[in-house]
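To start, the structure under review is shown below, and the notes come after it.
Numbers here simply count residues along the sequence, with the first being 1.
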Amino acid sequence: MDESQTDTEILGPDHVTAAPTDNSVIHRRLRPCVDDLDMSTTLQVEIHWVDAVSGEQKQTTAEWKLIELLSGDTAWLQKGEAVLAYATALRAIQYFAGDTGAIDRAWERLEAAKKALPDDPELAEMGQVLAALQEP
């Protein structure tokens with residue numbers, strides 16, 4: 001890496017660009033690296049970003065006990081899975097015309113998320129877009 005290049009200038013798979021009023025869903029599947037996982041262990045997440053309007057560097061941190069994450073309501077997790085499948089379907093349509101499998105998988109995840117969050121307007125909008133993409 002060039003010595004003048006800072007970590008914030010490196011854009012990798014975790015780089016997200018969003019409008020100033022957008023929210024981000026960060027989806028990761030975590031796997032334990034030990035055989036005997038202590039469920040009282042704390043998971044800490046730290047996120048850094050640049051404010052799109054001011055250019056100011058910002059960060060936030062949150063933490064949870066693993067048991068809290070694994071025993072709680074899964075509605076938001078299902079929504080995250082639906083958003084990820086939706087984005088994958090949009091990418092497949094853009095780069096791999098005719099890939100209907102990605103749309104089918106997005107529909108499956110979307111339907112599961114809508115059962116958990118039936119009145120969510122973002123899920124409804126994603127359904128409208130997917131339906132429009134399937135029109136001849």
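Shortest non-hydrogen contact noted between A131 and W107 is N-CZ2, 3.5 Å. Closest non-hydrogen pair, I47 versus V45, comes out as CG1-CG1, 4.0 Å. Taking all atoms of both residues into account, the shortest heavy-atom contact from A112 to Q78 is O-OE1, 2.9 Å. Closest approach of A89 to A102, counting heavy atoms only: CB-O, 3.6 Å. Closest non-hydrogen pair, K65 versus S40, comes out as NZ-O, 3.4 Å.
Between D120 and K114 there is no salt bridge, since none of the side-chain N atoms of the basic residue sits less than 4.0 Å from a carboxylate O of the acidic one.
Between the OH atom in Y86 and the CG atom in L110 there is a gap of 9.5 Å [rounded to 0.5 Å]. Separation of atoms CZ (R109) and CG (L84) is listed at 8.5 Å; rounding is to 0.5 Å. Note that the CD atom of E125 and the CD atom of Q128 stand 6.5 Å from one another [nearest 0.5 Å]. Between E46 atom CD and T61 atom OG1 the span is 4.0 Å, to the nearest 0.5 Å. With rounding to the nearest 0.5 angstrom, the CG atom of L43 is 13.5 Å from the CD1 atom of I67.
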After noting the C-alpha distance and the side-chain angles of D104 and Q134, does the key distance pass the side-chain contact (heavy atoms from CB on, under 4.5 Å) rule? CA-CA 10 Å; D104 294 339; Q134 289 182 309; 4.1 Å; yes

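Looking at T42 and L66, their side chains never come closer than 4.5 Å, going by heavy atoms from C-beta outward. No side-chain heavy atom of K58 sits less than 4.5 Å from a side-chain heavy atom of V50. Looking at I103 and E108, their side chains never come closer than 4.5 Å, going by heavy atoms from C-beta outward.
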